[in-house]
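Input: a single structure, listed below in structure tokens.
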Amino acid sequence: MNLFDRFFERKARSVAQTSGRRGFLKKFGATLVGASTIPLLPVARAADAPVLPQEAGDPSSCDYWRYCAVDGFLCDCCGGSYNTCPPGTEMSPITWIGTCRNPVDGRNYVISYNDCCGKTQCGTCLCQRDEGDRPIYRSDKSNDVNWCLGATSSVYHCSTAIVVGIAFDKGNGK
Ligand code: ABN
């Protein structure tokens, strides 16, 4: 008998000596029940839920909380809304990102200021709050950029303000 056979024979005898059929079924059943609970554990499920902050304020006013770092014409005044482009325009795939405090729940949200492109500039509701903006020579930190340069048409029309997540402060997890 080779080593392999002897090893399994010994294991089988040891299992037979230490457990009866009932014991085996009990352990097997417990394993099945335990395994079935694994998908119920709270594994990052919250990350998939959309972030929908409670709203207050007027999205066609420059004072609206989402616009804290915007530089552009508000799409809400141009036939679109704070998070959609007006008909006939295309949303830029590259954007300027800001962090704004929602006055309703006191939390900070990450806002993406996607430009809408393909029509000449809207011309109403110019809003320049510029929080976190740096001079254009720091191009990585400047919002004074036409993000339509990354779209099919480079013609800028207006800017949206889309919540893309909650901003957590370093350290306290809030
Ligand atoms: N992102 C708004 C914008 C567009 C064109 C030029 C400057 C700023």
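Position 1 is the first residue of the sequence, and the numbers go up from there. For ligands, and for the atoms within them, numbers begin at 1 and follow the listed sequence.
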Which N/O atoms of ligand 1 sit under 3.5 Å from a protein N/O, and at what distances?
residue, atom, partner, partner atom, Å
ligand 1, 1 (N), Asp115, OD1, 3.2
ligand 1, 1 (N), Asp115, OD2, 2.8
ligand 1, 1 (N), Val145, O, 2.7

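- A donor and an acceptor atom, one from each side chain of Asp144 and Ser142, are nowhere located under 3.5 Å apart.
- The two residues Tyr113 and Cys100 have their closest heavy-atom pair at OH-SG, 3.2 Å.
- Residue pairs that meet the salt bridge (charged side-chain N to carboxylate O under 4.0 Å, His left out) test with at least one member in residues 61-78, sequence neighbours left out, are Glu55-Arg66.
- In this structure Tyr156 satisfies the side-chain hydrogen bond (donor to acceptor under 3.5 Å, both in side chains) test together with Ser159, sequence neighbours excluded.
- Shown here are the side-chain hydrogen bond (donor to acceptor under 3.5 Å, both in side chains) partners of Asp105, two or more places apart in sequence or in another chain: Tyr109.
- With rounding to the nearest 0.5 Å, the separation of OG1 in Thr160 from OH in Tyr67 is 8.5 Å.
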